[in-house]
Structures are given as C-alpha cells and as structure tokens.
Visitor: 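First, the structure itself, so that you have it in front of you.
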Amino acid sequence: MLIIASILLFTSIFLIAYTYVIFPQWMISISGKSLKISKENQFLNKKIAVLIAAYNEEEVIEQKIRTTFLTKYPHSNIECWIGTDKCSDKTDEIIKSLQAEFPQIKHIPFAERTGKPQIINQLFEMQKQNFNAELLILTDADTLFDENTIINIIAPFHDAKIGGVQSVFEVYTASEKGVSAQEIKYNQREVKIKQGEGVFGSVIGASGACYAIRSDLYMPVPKGFLVDDFFLFLQVLNKGFQTVFANNAIARIEISGDSAIEFKRKIRISVGNFQNLFYFTKFLNPFANKYAFIYWSHKVLRWLTPFFMLIVLITNVLLASHNYYFEILLYLQLIGYLSLPLDYLLSKVKIKVDVLRFVSHFILMNIALLFGFFKYLKGNNSGVWNTKNN
C-alpha cells in the first residue's frame, strides 16, 4: 500500500512539473526558431472573411472595425462578417453607422441569444454562400489589430501544408487590480510556448483573440460546445495540416484582471476543454504522433492537474506518518493551500505579495478546472454568454 501511494505521489508531482515547468521551458528554449515570415504580398489576391461574434461590445466595436480596415490588405478582397447576439446596448447601432464608411461590413443581428460558437457557424455559411472566402480570420470584438496584422497572419499560407495560423496576442490592462499581473505573465508565457510548438507545426489550440484557417478546413462547431477556437484549430491538425505561429501578426487584448470574472471565465473554458478532450479521440493516445504528444504535454496534463494535486495531497496524508520527509512535504502543501485565504485577506487591506499572489492564482486556476470538469459531467451546457466577460 505504501509503495503504491509513493508511486502515485511522485508520478503526480512529476506530471505537474512536466506540464508546467519542463515542457514549457523546452518550448521557450526553441521559440526563437519559430516560423519566419517572408514574401508578405504573395496573397494579396486571396479573398478573406473576418468573422466576429459580438455581445454588448459598444465600448470597443468601433475601434475593432477601424483597426480591421486599417490594414494594408486590399479592402476589395476583405469582408467583415459580424454577428451580434441580441445585444442590449448600442453595439448594433454603432455597426450600422459604420457600414456607409466600410461597405465590406456584413452585419447579422440575431434576434435570440445564440452564443458565439453557433453564431460563427452561421457567419461561415453566410459568407460561403455570398463571398466564398479562401481564408478565414476569426477574432474577438475586443481584439485590436495594427496595419500589418492581416497581411502577416495570412502570409504563412503560402505553404500548402499549413492549415492554421495563430497571431501574437498581446495582453494588457488599464489597471493592476485583481489577478491582472498574473494573467499578463501567464499569457506572455503562453505566447512563447506556442512559438515553440510552431517549430513542429503543431500549435495546440488557438487563442480566440485572432487566428486564421483555410476556409475549406472549417468544421461546424458542435452545438453546446463552449470553446470554438480550440475545436476549430485542433480540427486543422485532425485533418493532417499544420498549425503555426505568425510572430509578426500582432493582436492586442485588454483584460479586466477582476478575480471573479477570470474565475468564471476559466470554469467556462474548462468545460470546453473536456468537451474537446473526449471529442478528438484521435489524440487520446499521447504517443500516437508528435501532435498528440504536444497536445498532452501542453494541454491535457494541465486539465488533469487538479486531479494530480488531489492525489498528491491524499497520498501525502497517508505517507506523512511513515517518513519525516513526507511530513515536511505535507506541511509545504498545506502552506501553499493556505496562501489562497491569506492572499484574499491581504488584498482587502491593499497588501500585495507577488509570490503569494502567484501561488494562490495557480490554486484558483486549478479549482476552476475542477469545477469545470464537474459542470461538463453535468451536461446541458450552453454556448451563450452570461456576461460579456465570461
């Protein structure tokens, strides 16, 4: 019994360390070798559809549209399809007011709450019937482009093996409240990891802020799925094409940093993660191919980390009375978990301890994953936003 508990404990610790430290450091170490883009003007004759699902985005939608058409790419070859999900603010009015200036805008207001994934599905079908773009750029309403974003994100498609391209996502915040610093550092690290994955042609899961795929690789997102970007990007690999990272395609996103909003968002993403995990059976064997191996290394082991943490805690409790070192390890674990309420109490009196904040953020992130798993098991998930931020 003690031997089995020891094996479970050390295996779980190794897998947590592997997915959060060893694999990321490997990808970061090779990230500088990621795809270099040249011949930027090669695809200026390709038809591009920009697909956006929006819900109550009156604060950002005009800037989003203007930065989209700031591009040097010929406007005659771009259409911007925006589906609005029964907005209760002025989003629809703002879009309509800009259509005279930008006739390439195709605005589809939805009369009933539909959710981002199903809106994207319908926008895809509409553009296919009316415009039939060769390349799709899927992007969020609160993600801003620069004049080269579109040109640079489609440049890699000169290689016929490439089916999907991830942009650089630069995360920033107007204030440093809540977990904003932790989220920014986390996203910066994710960019480096994805750059490393791009070396192998296997960027796992797009950031919905901005990514591009070949139109003929689009697969309708199943009803009830929550994480459409991950589904669509993994489908590219599923069909035998590569996914890469465009180092010079910049997309900027502002985050709130509000702990409650981020926690709800991570629960929602967690549900979507487990939906994708059991949908893509081709990748369930981590040793099937390099794509499956990187998929497990970067994503699946992270999704399973809450369970590894529980195994470590339970086995450590069983072993603590048998060995002094196991007892020390248990105390260290308990101190780590106590960082969560301690960080919360200190934040109430405006005291911020960076190390404490990062530990508590890691624990919260895994609690959200665990909640998301049980919500996934419960079923009846909807793709509809409850608020703009989750």
Visitor: Is the side chain of E254 donor-acceptor paired with the backbone N or O of D142 at a distance under 3.5 Å, no angle test?
Guide: no
Visitor: Do the ring planes of W26 and F23 sit parallel (below 30°), tilted (30 to 60°) or perpendicular (above 60°)?
Guide: perpendicular
Visitor: Roughly how far apart are K47 NZ and N77 CG, rounded to 0.5 Å?
Guide: 8.0 Å
Visitor: Report the C-alpha distance between C80 and F69 in whole Å, list the side-chain angles of each, state the deciding distance to 0.1 Å, and finish with yes or no for side chain to side chain contact (heavy atoms under 4.5 Å, CB included).
Guide: CA-CA 9 Å; C80 182; F69 290 104; 3.8 Å; yes
Visitor: Does F371, at its CZ atom, have more than 12 non-hydrogen atoms belonging to other residues, nucleotides or ligands within less than 6.0 Å?
Guide: no
Visitor: Looking at Q195, H298, K185, which hits side chain to side chain donor-acceptor pair (under 3.5 Å) with E190?
Guide: H298
Visitor: Find the distance between OG1 (T143) and CD1 (I250) and round it off to the nearest 0.5 Å.
Guide: 13.0 Å
Visitor: Judged by atom type as modelled, is there a donor-acceptor pair below 3.5 Å linking the side chain of T149 to the main-chain atoms of A249?
Guide: no
Visitor: Assess whether a salt bridge exists between D216 and R214, defined as any Lys/Arg side-chain N lying under 4.0 Å from an Asp/Glu carboxylate O.
Guide: no
Visitor: Please work out whether the ring planes of F245 and F169 are parallel, tilted or perpendicular, with thresholds of 30° and 60°.
Guide: tilted
Visitor: Give me the one residue out of D140, D85, D229 that meets side chain to side chain donor-acceptor pair (under 3.5 Å) with K116.
Guide: D140
Visitor: Suppose the criterion is salt bridge (charged side-chain N to carboxylate O under 4.0 Å, His left out): which pairs have a residue in residues 319-346, not counting sequence neighbours?
Guide: D343-R357
